[in-house]
Amino acid sequence: MAIKIYNSLTKKKENFEPAVPGEVKMYVCGPTVYALSHIGHARSAVSFDVISRYLASRGYKVTYARNYTDVDDKIINRANEEGVSSEALAERYIKEFDGDMAALGVQVPTYRPKATETIDRIIEVTKDLISKGVAYASGGDVFYAVRLFKDYGSLSGKNIDELEAGARVDINEIKKDPLDFALWKASKPGEPSWESPWGKGRPGWHIECSAMCMEWLGDTIDIHGGGRDLIFPHHENEIAQSEAATGKKPFVKYWLHNGFVNIEKEKMSKSLGNILNIQDALKENTPEAVRLFLLSSQYRSPIDYTGESLKEAEAATERFYKTLERIETEFPEVKDIDYCVSCNEEGFAPLFSAMDDDFNTAEAIGIVFKEVNKANRIMDKAKATGGKTGLTELAYAISLFNEASKFLVIFGKRPEDYFKMQKALSRIPAQEVEALIKARIEARKQKDFKKADAIRDELLSKGVQLEDTAKGTVWTVKG
RNA sequence: GGCGGCGUACCCAAGUGGUAAGGGAGCAGUCUGCAAAACUGCGAUGCGGCGGUUCAAAUCCGCCCGCCGCCUCCA
């Protein structure tokens with residue numbers, strides 16, 4: 001069955017057919033590295049991580065580029081505030097971003113170009129656009145003449161005359177038209193700059209993505225992704241630049257845009273002070289739960305983060321790993337049953353058809369949890385009747401979990417590793433918890449249930465929940 | 001004002017013509033010293049509202065209401 005992708009350009013779901021059968025060229029707009037990355041950056045990165053991994057797991061050879069915008073006004077301003085060079089600032093936040101991505105299980109893309117490493121190509125494309133008559137130098141700046149690109153507005157559904165009417169009066173009078181945007185900016189003293197035919201300067205924002213696509217992937221690509229907010233003007237401008245420069249269209253066959261993460265129904269913004277950094281989210285939740293939260297709705301829908309949402313994701317993750325652990329300890333023979341994947345591919349059909357339908361991770365997760373319930377039912381029944389039946393079902397469940405984990409990158413850890421990570425989030429030291437558990441076991445032995453319960457209540461009030469199982473007392477962290 | 005999107009139970013969320021997945025919370029039961037976990041049952045005769053098409057609608061059409069995003073930098 002064909003993979004269907006919602007294309008922002010045509011506003012329809014289309015069958016996915018890359019230019020070269022079996023190969024996918026994919027580019028995603030990465031972060032501007034001037035501050036710690038927030039949960040919204042994580043959503044974009046995780047969404048496209050799943051998309052690239054899914055395509056790969058379905059047999060495509062995926063070449064994936066995601067850039068770092070490491071030269072930009074915000075970086076320069078922040079660097080000046082801190083009294084460091086913009087290179088150093090950018091480098092620092094690239095490291096932070098990479099660390100955050102690694103924590104969230106985001107695979108390193110094939111290429112991670114930086115704008116500052118692509119300057120030659122940017123200058124080359126800019127020269128090309130000038131020679132084709134669609135861009136002009138003015139002072140030390142170079143602008144793209146938007147009106148000369150006849151399809152301008154096709155991605156965002158904007159009408160150029162209406163944009164013109166609503167455009168703010170631009171103080172920059174060297175532009176011929178207020179809608180024209182900068183390909184190259186003359187640099188002020190102290191700003192990062194490169195030699196160019198127009199004097200010392202630095203690239204504008206939009207051109208870097210066009211240049212990096214050409215440099216690393218080619219003149220035309222299959223998939224281009226980014227946040228919804230990039231549709232206009234960023235991606236609209238990319239199309240204009242790239243198609244004018246190469247003369248090839250479409251520059252991008254499928255445009256994909258992820259929805260936003262809102263905080264308590266509001267957009268994250270500096271002025272509201274409601275930005276949730278990835279690192280802050282990871283202080284109180286396992287990376288796996290954060291990832292599950294981000295994948296629990298389809299990538300185009302907005303997600304609303306509330307105080308409860310990550311806790312819910314943690315509870316669901318815990319449920320999954322408890323079940324997995326239970327299968328492994330109660331039914332160790334299951335791991336020796338080779339569930340034949342190659343001859344039972346239909347067995348994963350629901351999972352694949354969910355993902356084939358515009359990468360519906362929410363549905364895929366639902367399918368996994370249906371299997372979790374089924375597995376627990378089988379094990380409860382075995383316990384009640386004393387006979388072990390349903391081993392094949394359990395083997396199927398395990399292989400379904402494995403398959404899903406290949407592209408979701410959740411449900412794929414060793415249970416003990418998950419619980420270790422969860423325990424690391426405890427507000428009280430593990431040693432202290434273990435000591436109290438020991439004391440409680442002693443109390444229970446002496447049938448001093450009052451004392452035993454008091455210890456349990458005390459731990460619970462500190463976010464540690466105890467469970468007395470056949471294998472002894474275990475504990476989990478409950479926020 | 002222009003363009004786009006959304007509205008499914010207490011909360012989150014799938015479902016785009018065939019009779020409402022899944023997770024969390026709640027209540028009850030089994031289990032347990034008691035809990036927790038797991039399982040079972042309960043929970044929308046209903047999918048923002050009103051009409052229409054159809055044997056059949058959350059799904060298609062029309063109108064209305066509410067919410068949100070973009071139109072300036074933004075994942």
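Proteins come first, then strands; the chains are lettered A, B, ... in the order of their sequence lines, and each starts at number 1. Hydrogens, waters and symmetry mates play no part in the numbers below; they use all other heavy atoms, side chains included.
Taking the six-membered ring where the residue is Trp, A:Phe407 and A:Phe352 present tilted rings, their angle falling between 30° and 60°. Taking the six-membered ring for Trp and thresholds of 30 and 60 degrees, A:Trp255 and A:His235 have ring planes inclined between 30 and 60 degrees apart. Taking the six-membered ring where the residue is Trp, A:Tyr321 and A:Phe419 present perpendicular rings, their angle passing 60° and hence far from 30°. By the 30° and 60° cut-offs, the orientation of the rings of A:His206 relative to A:Phe181 is perpendicular.
For A:Ile365 and B:rC12, the CD1 to C1' distance is 12 Å, given to the nearest whole Å. Between the CD atom of A:Glu162 and the C1' atom of B:rC70 there is a distance of 14 Å, given to the nearest Å. Remark: C1' of B:rG5 and NZ of A:Lys267 are 14 Å apart, rounded to the nearest angstrom. Taking atom CD of A:Glu318 as the reference point, atom P of B:rA36 lies 14 Å away to the nearest angstrom. Distance, A:Phe359 CZ to B:rA14 P: 16 Å, rounded to whole Å. Following rounding to the nearest Å, A:His234 (NE2) and B:rC73 (P) show an atom-to-atom distance of 11 Å. Atom CD in A:Glu266 sits roughly 13 Å away from atom C1' in B:rC67 (whole-Å rounding). Atom CE of A:Met379 is separated from atom C1' of B:rA37 by 11 Å (rounded to the nearest Å).
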Problem set entry | Nucleic acid footprint by protein, nucleotides 23-29 of chain B - heavy-atom cut-off 4.0 Å, B for base, S for sugar-phosphate alone | BS-----
Exercise. Which letters describe nucleotides 30-35 of chain B, given B = protein heavy atom under 4.0 Å from base, S = only from sugar-phosphate, - = neither?
Worked result: ---BBB
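Side-chain contact between A:Gln422 and A:Thr317 is absent, with no heavy atoms from C-beta onward closer than 4.5 Å. Counting heavy atoms from C-beta outward, A:Ile365 and A:Phe369 have side chains that approach closer than 4.5 Å. Using a 4.5 Å heavy-atom threshold, the side chains of A:Phe293 and A:Glu314 count as separate. Counting heavy atoms from C-beta on, the side chains of A:Phe320 and A:Ile410 never come closer than 4.5 Å.
Side-chain proximity of A:Asp380 to B:rC39, B:rA75, B:rG5: nearest is B:rC39. Side-chain proximity of A:Arg326 to the nucleotides B:rA37, B:rA38, B:rC70 is greatest for B:rA38. For A:Arg228, counting side-chain heavy atoms from C-beta on, the closest listed nucleotide (B:rA38, B:rA36, B:rG4) is B:rG4. Closest approach to the A:Lys322 side chain among B:rA75, B:rA37, B:rC39 is made by B:rA37 (side chain taken as heavy atoms from C-beta onward). For A:Glu363, the side-chain atoms get nearest to B:rA14 when compared with the rest of B:rA14, B:rC70, B:rA38. Among the nucleotides B:rA13, B:rG15, B:rU40, the one closest to the side chain of A:Asp357 is B:rG15.
Contact annotation for A:Leu230: backbone-only contact, meaning every heavy-atom pair under 4.0 Å involves sugar-phosphate atoms and none involves a base. Looking at heavy-atom distances under 4.0 Å, A:Ser156 makes contact with sugar-phosphate atoms alone, never a base. Residue A:Ser301 is in sugar-phosphate contact alone, with no base atom involved, counting any heavy-atom pair closer than 4.0 Å across all strands shown. Looking at heavy-atom distances under 4.0 Å, A:Ser296 makes contact with sugar-phosphate atoms alone, never a base.
To the nearest whole angstrom, the two C1' atoms, one in B:rC6 and one in B:rC12, are 15 Å apart. B:rA37 and B:rC27 are spaced 12 Å apart, taking the P atom of each and rounding to whole Å. Taking atom P in both B:rC47 and B:rU8, the straight-line distance is 11 Å, to the nearest Å. B:rA56 and B:rU19 have their C1' atoms separated by 8 Å, with the value rounded to a whole Å. B:rG43 and B:rC10: their C1' atoms are spaced 10 Å apart (whole Å). Comparing B:rA58 with B:rU16, their C1' atoms sit 9 Å apart, to the nearest whole Å. A gap of 39 Å separates the P atoms of B:rG62 and B:rG24, to the nearest Å. Here the separation of B:rA36 from B:rG49, taken at their P atoms, is 37 Å to the nearest Å.
Atom OH of A:Tyr111 is surrounded by 12 or fewer heavy atoms from other residues, nucleotides or ligands within 6.0 Å.
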Problem set entry | Paired and unpaired positions of RNA chain B as dot-bracket, Watson-Crick or G-U wobble under 3.5 Å, | denoting a partner strand | ((((((((.[[[..)..(...]]].(((((.......))))).....[[[[[..)....]]]]])))))))....
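Checked by distance alone, A:Lys381 brings no side-chain donor or acceptor within 3.5 Å of a matching partner on the base of B:rC39.
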Problem set entry | Full working for side chain to side chain contact (heavy atoms under 4.5 Å, CB included) between A:Leu36 and A:Ile278 | CA-CA 8 Å; A:Leu36 287 178; A:Ile278 296 170; over 6 Å; no
For this session: Go through the steps for A:Glu325 and A:Lys471 under the test salt bridge (charged side-chain N to carboxylate O under 4.0 Å, His left out), then give the verdict.
Result: CA-CA 12 Å; A:Glu325 184 172 58; A:Lys471 291 179 69 187; 5.9 Å; no
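Remark: A:Glu328 engages A:Arg414 in a salt bridge, criterion side-chain N to carboxylate O under 4.0 Å.
Under 4.0 angstrom from either OP1 or OP2 of B:rA75 there lies no side-chain N or O belonging to A:Asn258. Note on A:Thr361: every side-chain N or O is 4.0 Å or more away from OP1 and OP2 of B:rA13.
Taking each heavy atom of A:Ala182 and A:Lys185 in turn, the nearest pair found is CB-CG, 4.0 Å.
For A:Phe411 and A:Phe401, the distance between ring centers is not under 6.0 angstrom.
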